[in-house]
Visitor: 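Input: one structure, supplied below.
Start at 1 and go down the list; that is how both ligands and their atoms are numbered. The model shown is predicted, which means the values in this text are computed figures rather than measured ones.
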Amino acid sequence: MKIIKSKQVANLDIEQAKILVVDDEYRLLTSLEALLVAQGFDVTTALGGLNACEALKQDSFDLVLLDLNMPDIDGHQVMDFVAENNMDPAIIVVSGESSFTAVSKALRRGAYDYLRKPYDSAELINTTRNCLQKVMLEKAHHQMQARLQKSEELHRYIVNSSPDVVFMLDRQGRFTFLNRKVETLLGYSKQDLLGKSYETIIEAEDIDRANYIFTEHGKKRDGAWSSELRLKVKKNEHASRHFEITFFPIERKVKINGEESLQVVGTYGTARDITERKEAEEFINFQAYHDLLTRLPNRSLFKDRLNLAMAQAKRNDNQVAVMFLDLDRFKVINDSLGHAMGDRLLQAVAMRLDNVIRKCDTLSRFGGDEFTLLLPNINSAEDARIIAKKVINTLKEPFILGEHEVFVGVSIGISMFPTAGDTVDQLIQNADVAMYHVKSRGKDGYQFFSPSMEVADSNRIKLEREIRRALENNEFKVFYQPQINAKTNDVIGVEALVRWQHPTRGLVFPGEFLPLAEETKLLTDISEWVLNSACQEVQGWINNGHPNIRLSVNFSPLQVEHPRFVDHLLETLERNNFPATNLEVEITENAIMNDLDQMTKKLNRLSEHGVTIAIDDFGTGYSSLNYLRKLPIHTLKVDQSFVKDIEETMGDACIVNAIINMAHGLKLNIVAEGVETEVQLQYLKDLGCQELQGFYFGRAEPGEVILSRLESPHAKIA
Ligand code: C2E
Ligand code: MG
Ligand code: MG
């Protein structure tokens, strides 16, 4: 095989086209080669059909000048070979054979032209050139096509793998193009949206803004325009994602009345998903202005809203109410049930409060168990009063925390703008002052601020400091008030009542300092001291000739609710070697009702140790009598208010009758408190009341006074 290469260029210039010349006659082959090389072509020769096929396999040619009659493989077979191998050189047959069949057979096989031997050089060159011209044009076209396709693929790849949604809209705002991202981010297929308006995917609330941007932008024609819009998620009507969308106008030159001008024909844009950033921003924003536990506004947001409400009220000549709410028993619940339960309680309280306020009101968590409530734009204090009552009522219902049922009350102080102050801080502070007044009066209620309270409030702080000092300096004293057997007039017991021997004010009574002590937790310290001192002192009496004397000690709800109430009490008894059977614990109905389950357990434990339980101020608290059967109650102490009623309603059946009858029915011991007169004494005796206590028999006095009286009981009793 002989393959002769003349020139090695492959380009679209026809001079650089590669030509294969095939003939079985060597002489003819070389002359053809010479002729073409002289024209500047890159020529390869192949002697015979077999060599031709070999050459075609090895190289690609633009044109083959092909002889038909060849001994080994003829021209037709070479053409078949070309077709079978999907080769694409143009073929010009140069042959001595001129029969119609041979010519048409060659042309049918796709030959470009047919030249008869002996050929005319000029004609051959001409035909070759024409043919190559056509071949090259086709080739150039193909190459262009391929390049275009490649570039289109590249662009499609870039557009589709863009992290953003890429879209095009026509002048009417209908989608004409969308990349695949719209499917991954929002769930729409292109078919869902092509031809539809952009409004289809804009979140309802953002449509007006989107329309504004679209139309205004359409008018302007000056560069890009970005905006944040929410786009709807296909599968979920309520869900949307945030996007930063940038629009670019698509402009085209148009001729109007012969004049060329630029016109916007559509919009091209990208939409970047910024949902995560937005959510993070929103969370940070939320965190800055809300309490994360209850999700209520915090102090800062409350103050901000109050400021606004004040400005508005000034303009409308209206009022604003600020309420300061403090839960009454939160600390005990938090201490006894743990912080997790405390948190749940706060959440439940927030939810309940949220239900009783208006949409325009702001409820905030101010800190701990303190909430503030802002009522903007109200006409009178009466409006605030109504809400305060609602708040108190809604919190009265028990809260169920897991297996516990707990009761919290709320104390509410109210300050009105403009009368109670005209700055944010003043209004809040005065509402706080008013709230403390509710607390000191026994909690669970509301009160409006009045200027006289401010004085009282500064006294409060002073008092708190003084109580602390009094504890350190041992200024508290236990006094004892005798309790008398109605039949024998014997002193059968004493009630320990705390007094404060104040260095300048003299003897101070518990009503003046206990409520505040309770607020500040100082009460626990005072009460522990009272119990301990009384046990110590009375233990001496018991051991010295008065073995049956009963010691009654008061316990506030806060103390009783303490999870270690029973343990502390028993420890104190043991420490003082005080017999449990000589102790009576006085608690109020309210203390019991706060948590009946816990209370049942505690009182049963005490009762098992021999401690007796008395219900103090009976008849003034909850009127549920159910607990009387359930609990190990020993004594009812009829409140002094009912004893007072005896003389006023003399003759009528008064409540005392009912209480004493009921106590008899339940086989409970009765102590009537506050007996001051002979008439009361007689009336109570007639009713069969066994035990009496009151000024008639003696006030509370220091231990030594009582002891001397015990030694000669009848001497002092009238
Ligand atoms: P209470 O337990 O109902 O005590 C009876 C109160 O009535 C005592 O007032 C007593 O002095 C007073 N009283 C007794 N007889 C008469 C009477 O004939 N007429 C009138 N008008 N009053 C009478 P006090 O000592 O001022 O105590 C007030 C309340 O303070 C007590 O009410 C009790 O709840 C509480 N308290 C006193 N000491 C303690 C204590 O050590 N711990 C606790 N937690 N509370 C105490
Ligand atoms: Mg008492
Ligand atoms: Mg009482």
Side-chain angles (χ1 to χ4, degrees), residues 332 440-443 467 470-471 475-484 491 493-501 506-519 521-538 550-562 565 568-569 572 583-591 612-621 634-647 670-681 684 691-703 705-706 717-718:
V332 183
S440 59
R441 271 188 345 198
K443 308 180 177 179
I467 294 177
L471 268 169
E475 289 170 14
F476 290 107
K477 300 275 173 280
V478 183
F479 277 33
Y480 302 90
Q481 187 176 29
Q483 297 173 329
I484 307 297
V491 176
V494 290
E495 177 174 4
L497 294 163
V498 67
R499 301 288 180 261
W500 180 4
Q501 192 65 57
L507 203 62
V508 182
F509 284 76
E512 278 187 61
F513 59 89
L514 282 190
L516 178 77
E518 188 156 357
E519 270 323 303
K521 280 194 169 172
L522 283 168
L523 180 80
T524 322
D525 299 341
I526 298 176
S527 298
E528 266 171 27
W529 181 86
V530 169
L531 179 66
N532 197 57
S533 310
C535 284
Q536 218 173 6
E537 191 164 22
V538 176
R550 181 179 67 204
L551 169 65
S552 298
V553 180
N554 293 284
F555 288 87
S556 76
L558 204 69
Q559 282 178 270
V560 179
E561 282 167 25
H562 196 282
F565 161 63
H568 284 316
L569 194 146
T572 310
L583 182 73
E584 182 152 272
V585 164
E586 292 195 13
I587 53 177
T588 58
E589 290 167 280
N590 297 15
T612 56
I613 318 282
I615 302 297
D616 203 357
D617 307 339
F618 184 77
T620 60
H634 183 260
T635 303
L636 293 188
K637 294 193 76 178
V638 183
D639 190 64
Q640 5 182 314
S641 58
F642 303 120
V643 175
K644 254 195 202 84
D645 278 353
I646 291 175
E647 269 167 288
I670 281 267
V671 178
E673 283 190 277
V675 182
E676 293 184 1
T677 67
E678 181 76 43
V679 179
Q680 291 166 346
L681 169 66
L684 290 163
E691 293 176 13
L692 308 160
Q693 180 182 347
F695 293 169
Y696 183 80
F697 303 102
R699 297 179 181 245
E701 288 176 288
V705 179
I706 298 295
I717 293 170

Visitor: Which heavy atom of Gly698 sits nearest a heavy atom of Pro482, and at what distance?
Guide: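 Taking Gly698 first and Pro482 second, the nearest heavy atoms are O-CD, 4.0 Å.
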Visitor: Return yes when Glu586 approaches ligand 1 closer than 4.0 angstrom through a heavy atom, no otherwise.
Guide: yes
Visitor: Determine whether the side chain, the backbone, both or neither of Glu673 has a heavy atom under 4.0 Å from any heavy atom of ligand 1.
Guide: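 For Glu673, the contact with ligand 1 is made by the side chain alone.
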Visitor: Below 4.0 Å from ligand 1: does a non-hydrogen atom of Gln559 turn up there or not?
Guide: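 Yes, that is the case, since the closest heavy atom of the residue is under 4.0 Å from the ligand.
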Visitor: Can you find a side-chain donor-acceptor pair between Gln483 and Gln693 that sits under 3.5 Å?
Guide: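 On atom types as modelled, these side chains qualify, holding a pair under 3.5 Å.
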Visitor: Please could you name the atoms of ligand 1 that Ser556 approaches to less than 4.0 Å, counting only its heavy atoms?
Guide: 44 (N)
Visitor: One thing to verify: whether Glu584 and Lys637 come together as a salt bridge, which I'm taking to mean a side-chain N less than 4.0 angstrom from a carboxylate O.
Guide: no
Visitor: How does Val498 reach ligand 1, if at all, at less than 4.0 Å between non-hydrogen atoms: by side chain, backbone, both, or neither?
Guide: both
Visitor: What do you reckon, does Arg499 put a non-hydrogen atom under 4.0 Å from ligand 1?
Guide: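 It does; at least one heavy atom falls under 4.0 Å.
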Visitor: Should the pair Trp500 and Phe513 be assigned to parallel (<30°), tilted (30 to 60°) or perpendicular (>60°) ring geometry?
Guide: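 If you compare the ring of Trp500 with that of Phe513, the planes turn out perpendicular.
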Visitor: Counting only N and O atoms by type, is there a donor-acceptor contact under 3.5 Å from the side chain of Gln559 to the main-chain atoms of Thr524?
Guide: no
Visitor: If I apply the N/O under 3.5 Å rule, does Asp616 come out as touching ligand 1?
Guide: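 Yes - when backbone and side-chain N and O of Asp616 are compared with those of ligand 1, one distance drops under 3.5 Å.
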Visitor: Strictly under 2.8 Å, is any N, O or S atom of Asp616 next to the Mg ion (ligand 2)?
Guide: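 A backbone or side-chain N, O or S atom of Asp616 is under 2.8 Å from the Mg ion (ligand 2).
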Visitor: Of all the atoms in ligand 1, which lie at a distance below 4.0 Å from a heavy atom belonging to Glu676?
Guide: 17 (C), 18 (O), 19 (N), 20 (C), 21 (N)
Visitor: Strictly distance-based, threshold 3.5 Å: is any side-chain N or O of Gln680 a donor or acceptor partner for the main-chain N or O of Glu676?
Guide: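 Confirmed, Gln680 side chain pairs with Glu676 backbone.
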Visitor: For ligand 1, find out whether one of its N or O atoms is nearer than 3.5 Å to an N or O atom of Leu523.
Guide: no
Visitor: Nearest heavy-atom pair of Asn554 and Ala496: which atoms, and what distance?
Guide: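 Taking every non-hydrogen atom into account, ND2-O, 3.3 Å.
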Visitor: Show the atoms of ligand 1 that are less than 4.0 angstrom away from any heavy atom in Gln481.
Guide: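 Listed by number with element, the hits are 10 (C), 14 (C), 15 (N).
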Visitor: Grab the two heavy atoms, one from Gln481 and one from Phe695, that are nearest each other, plus how far apart they are.
Guide: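 Nearest pair, atom of Gln481 first, then Phe695: NE2-CD2, 3.9 Å.
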Visitor: Between Leu497 and ligand 1, find which residue part has any heavy-atom pair under 4.0 Å and reply side chain, backbone, both or neither.
Guide: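 For Leu497, the contact with ligand 1 is made by both the backbone and the side chain.
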Visitor: Within rounding of 10°, what is the angle whose vertex is the Mg ion (ligand 2) and whose arms end at OE2 of Glu495 and OD1 of Asn554?
Guide: 90°
Visitor: Counting heavy atoms only, which part of Gln640 comes closer than 4.0 Å to ligand 1: side chain, backbone, both or neither?
Guide: side chain
Visitor: Could you tell me how the ring of Phe555 sits relative to the ring of Phe565: parallel (under 30°), tilted (30 to 60°) or perpendicular (over 60°)?
Guide: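 The rings of Phe555 and Phe565 stand perpendicular, inter-plane angle above 60°.
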Visitor: Give me the atom names and distance for the closest heavy-atom approach of Leu681 to Phe697.
Guide: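 Nearest heavy atoms, Leu681 then Phe697: CD1-CZ, 3.5 Å.
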Visitor: Measuring from the Mg ion (ligand 2), name the closest N, O or S atom belonging to Glu586.
Guide: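 This residue's closest N, O or S atom turns out to be OE1.
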Visitor: Which ligand 1 atoms, with their elements, are less than 4.0 angstrom from a heavy-atom of Asp617?
Guide: 3 (O)
Visitor: List the atom of Glu673, the atom of Val643, and the distance in Å for their closest heavy-atom pair.
Guide: O-CG2, 3.1 Å
Visitor: Run the contact test for Gly511 against ligand 1 with a 4.0 Å cut-off on heavy atoms, strictly below, and give the result.
Guide: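 No; Gly511 lies far enough from ligand 1 that no heavy-atom distance drops under 4.0 Å.
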Visitor: Can you tell which part of Val478 has a heavy atom less than 4.0 Å from ligand 1: side chain, backbone, both or neither?
Guide: neither
Visitor: Which option wins on minimum heavy-atom distance to atom 36 (N) of ligand 1: Val643, Leu514, Thr677?
Guide: Leu514
Visitor: Looking only at heavy atoms, which two atoms of Phe618 and Leu636 are closest? And how far apart?
Guide: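 Result for this residue pair: CD1-CD2, 3.7 Å.
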Visitor: May I ask you to list the atoms of ligand 1 that are less than 4.0 angstrom from any heavy atom of Val530?
Guide: 41 (O)
